[in-house]
Every structure is written in C-alpha cells, then in structure tokens.
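Indexing begins at 1, ligand by ligand and atom by atom, following the structure's order. The residues of the chain are indexed from 1 along the displayed sequence.
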Amino acid sequence: MRKIRVGAVSYLNTKPMLYGIKRHKVLNRIDLIEDYPSSIAKQLIKGQIDIGLIPVAAIPYLTEAHIVTDFCIGCEGPVASVCIFSEVPIEEVKTVYLDYQSRTSVNLAKVLLREYWKKDVVLIDAKGEEYRHEIKGTTAGVVIGDRALQQRHVSKYIYDLGETWIKHTGLPFVFAAWIANKKLPEGFIVEFNEANALGFQHLDDVIKENPYAFFDLEYYYKKSISYQLTQDKRKGMRLFLEKISLVTSC
Ligand SMILES: C=C(O[C@@H]1C=C(C(=O)O)C=C[C@H]1O)C(=O)O
C-alpha cells in the first residue's frame with residue numbers, strides 16, 4: 001500500500017509530536033516531510049500530502065477537512081512565539097508586515113488589530129525573511145515560530161497574539177491542527193494519535209535533543225504551547241473561523 005504522506009511543521013513547537021512519530025511503528029506507514037506552516041497548508045490543499053499539521057485558517061480552502069488526533073498547536077495564555085513586534089507602542093504603529101510562513105496568525109493579527117486595538121493600519125504581505133529588518137519606526141511585524149522566539153530579543157514592544165485573543169474572547173486559541181484532506185484508515189489514525197502522545201512522556205529528551213539558547217523550552221512546551229485539542233479550544237477555533245470569514249468577505 002502507498003505510504004501516507006504527512007506534513008509537519010518544522011518549528012520547535014512541533015518537536016514533541018515529531019519525537020513520538022519518529023519512534024513509533026506508525027513511521028513505517030508514512031512519508032514525512034517538514035516545512036513551515038503556510039507551505040504545509042499549500043501542499044495539503046494541492047493534494048501533495050494526505051495529512052498535515054496545518055494552520056486552521058487554511059481549513060476553508062480544503063474541499064474535505066478531517067481534524068484528526070487529540071493534539072494541536074494551541075494556547076491558553078501567552079503563546080510567546082506568535083506576536084506583533086515593534087519599536088513603538090501599538091497606538092503609534094502605522095504599517096504591519098504579515099509573516100509569509102503563517103496563515104493563522106496573520107489573520108489573527110487582522111482580527112485583533114480591527115476588533116481589539118481598533119486600528120486601521122497598512123498591511124503588507126511579507127515575501128521573504130528580509131521583512132524582519134523593516135520592523136522599525138512605526139512599522140511593526142507579525143513573526144511566528146522559532147524566529148519569533150529570537151525576535152523577542154530584538155524588538156522593544158511585544159504584543160502576544162495568543163494572550164490578546166484570550167483577553168478579547170475569553171476562549172483559548174488553536175493555531176494549527178492535524179488535518180487530513182481525505183478519509184484515512186481508522187487504524188492509522190489510532191496509531192498516529194498514539195505516536196503524537198509519546199513525545200509528551202519524554203519532554204526532557206525532546207529538550208535535550210534540541211538545545212536552544214533563545215527561550216526556555218521546558219517553559220515553552222509546558223506553559224506557552226497548549227497541545228490538547230479540548231472542547232474549549234474547538235470553540236475558540238470555530239469563533240476564529242467565523243471571524244475570518246467576515247474579514248475576507250469585506
Ligand atoms: C504557535 C505557533 O503556531 C503556529 C502558527 C501558525 C500560523 O500562524 O499559521 C501555524 C502553525 C503553528 O506552528 C507558532 O508557530 O509559533
């Protein structure tokens with residue numbers, strides 16, 4: 001039988017899941033690729049992979065979307081790695097660059113700029129990594145992932161978008177979830193879920209395998225990212241998807 005093509009996010013936040021996947025027998029059933037989130041989303045939409053840890057904002061672009069596993073990249077407080085960074089307070093910001101590696105957080109930034117900060121700013125889709133050098137003066141930028149953990153040491157003002165969403169709505173947030181673009185065999189889903197769970201029993205090893213100077217990974221894995229796809233997170237996700245369907249239609 002053809003292997004199931006799996007696309008995972010290449011950031012540190014996904015390492016606990018990958019630790020398990022790479023050590024579980026499910027590995028024999030899959031072809032695994034790792035890339036940044038917007039690229040994984042594109043590959044799932046085009047049918048180049050069968051399941052991906054994709055930004056939830058890409059769900060409406062899939063003809064079929066099956067959320068599988070009990071795991072996600074979410075938060076129930078400050079997420080640390082999804083922020084608007086700037087050199088001036090947000091009240092003074094005039095332009096915001098949007099991270100090309102993101103689909104969810106760029107939409108989350110749009111929602112929060114409009115509804116929470118009540119700001120009308122110029123939005124620019126970043127095309128490559130150079131945009132981070134433009135974060136200066138009244139120009140801010142959304143940065144996600146490991147690059148955001150580094151940007152925390154560079155920018156004077158840090159607006160955490162996970163924390164702000166929770167302040168705004170009272171609900172937790174889901175950035176990405178395992179989504180299949182077709183019905184996958186039940187046996188595979190059970191094994192894949194088990195594999196995901198495995199890494200969380202070995203977080204110390206995951207941290208040892210990924211030495212990182214910019215942020216305390218133990219804190220990141222245990223407090224910043226919240227990995228369980230709970231009912232409340234699903235509620236937060238539904239509200240977010242409703243809000244972005246309004247953003248894109250007006
Ligand atoms: C919390 C994060 O969530 C990520 C944010 C995503 C997005 O904005 O599209 C997609 C996948 C997640 O890895 C992060 O990368 O820092």
Side-chain angles (χ1 to χ4, degrees), residues 6-18 21 33-45 49 51-62 65 67 69 71-85 96-113 123 125-126 129 131-132 141-152 155 158-166 172-179 196 199 210 212 214-217 219-229 233 236-237 240-241 243-244 247-248:
V6 178
V9 169
S10 52
Y11 299 157
L12 286 164
N13 57 31
T14 307
K15 299 293 183 205
M17 296 165 171
L18 283 172
I21 293 167
I33 60 126
E34 294 173 45
D35 207 339
Y36 59 78
S38 58
S39 175
I40 297 290
K42 203 193 265 175
Q43 293 176 52
L44 192 72
I45 292 164
I49 54 174
I51 173 172
L53 185 61
I54 69 151
V56 297
I59 291 175
Y61 298 88
L62 287 160
I67 298 184
T69 86
F71 298 92
C72 68
I73 306 285
C75 71
E76 296 186 335
V79 67
S81 57
V82 173
C83 308
I84 294 179
F85 293 95
V96 177
Y97 272 94
L98 302 173
D99 194 338
Y100 66 100
Q101 298 200 0
S102 157
R103 295 280 295 259
T104 297
S105 309
V106 292
N107 278 293
L108 178 59
K110 287 182 196 173
V111 168
L112 294 175
L113 282 164
L123 298 167
D125 289 322
E129 210 54 33
Y131 83 97
R132 284 173 55 200
V142 175
V143 187
I144 71 163
D146 308 355
R147 300 132 70 242
L149 298 176
Q150 292 170 19
Q151 190 71 29
R152 298 181 71 84
S155 293
I158 303 174
Y159 297 93
D160 188 299
L161 297 186
E163 181 182 27
T164 310
W165 167 267
I166 294 163
F173 194 74
V174 181
F175 293 92
W178 287 111
I179 294 170
N196 268 265
N210 296 283
Y212 194 62
F214 293 97
F215 202 83
D216 176 353
L217 285 190
Y219 189 87
Y220 189 51
Y221 293 147
K222 291 186 178 166
K223 299 268 194 274
S224 312
I225 307 283
S226 174
Y227 289 97
Q228 286 293 325
L229 186 52
K233 285 214 192 72
M237 182 175 73
F240 173 64
L241 290 176
K243 284 182 186 292
I244 64 171
V247 169
T248 45

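Using a 4.5 Å heavy-atom threshold, the side chains of L108 and V142 count as separate. A heavy-atom distance below 4.5 Å is found between the side chains of V174 and L229. The shortest distance between side-chain heavy atoms of E76 and E163 does not fall below 4.5 Å.
The six-membered or imidazole ring of F215 lies near that of Y220, with a centre-to-centre distance under 6.0 Å.
Between Y97 and Y131, the ring-plane angle classifies as tilted under the 30° and 60° cut-offs. Under the 30°/60° scheme for interplanar angles, the aromatic rings of Y221 and Y227 are found to be tilted.
Among the atoms of Q101, none of the N or O lies under 3.5 angstrom from an N or O of ligand 1. Between G145 and ligand 1, at least one N/O pair is under 3.5 Å apart.
The contact set between ligand 1 and S102, taken as ligand atoms under 4.0 Å from a residue heavy atom, comprises 7 (C), 8 (O), 9 (O). For ligand 1, the atoms lying closer than 4.0 Å to a non-hydrogen atom of I73 are 1 (C), 2 (C), 3 (O). Within ligand 1, the atoms closer than 4.0 Å to a non-hydrogen atom of Y11 are 13 (O), 15 (O), numbered from 1 in the order shown. For ligand 1 and V79, the ligand atoms under 4.0 Å from any heavy atom of the residue are 1 (C).
The proximity of T104 to ligand 1, defined as any non-hydrogen pair under 4.0 Å, involves the side chain as well as the backbone. For P37, every heavy-atom contact with ligand 1 shorter than 4.0 Å involves the side chain, none the backbone.
Here the protein heavy atom with the shortest distance to atom 4 (C) of ligand 1 is F175 CB, 3.9 Å. Protein heavy atom closest to atom 8 (O) of ligand 1, with residue, atom name and distance, is S105 OG, 2.5 Å. If you check which protein heavy atom lies closest to atom 1 (C) of ligand 1, you get V82 CG2, 3.5 Å. Protein heavy atom closest to atom 16 (O) of ligand 1, with residue, atom name and distance, is S81 OG, 2.6 Å. Among all protein heavy atoms, the one lying closest to atom 12 (C) of ligand 1 is A176 CB, 4.0 Å. Taking atom 14 (C) of ligand 1 as the reference point, the nearest protein heavy-atom neighbour is N13 ND2, 3.1 Å. Closest protein heavy atom to atom 6 (C) of ligand 1: I144 CD1, 3.9 Å.
Taking CD of Q228 as the reference point, atom CZ of F71 lies at 5.0 Å (rounded to 0.5 Å).
Under the 6.0 Å distance and 45° angle rule, R103 counts as a cation-pi partner of Y61.
A 6.0 Å sphere centred on OH of Y212 holds more than 12 heavy atoms belonging to other residues, nucleotides or ligands.
Listed for the T164 side chain is a donor-acceptor partner under 3.5 Å among the backbone atoms of D160.
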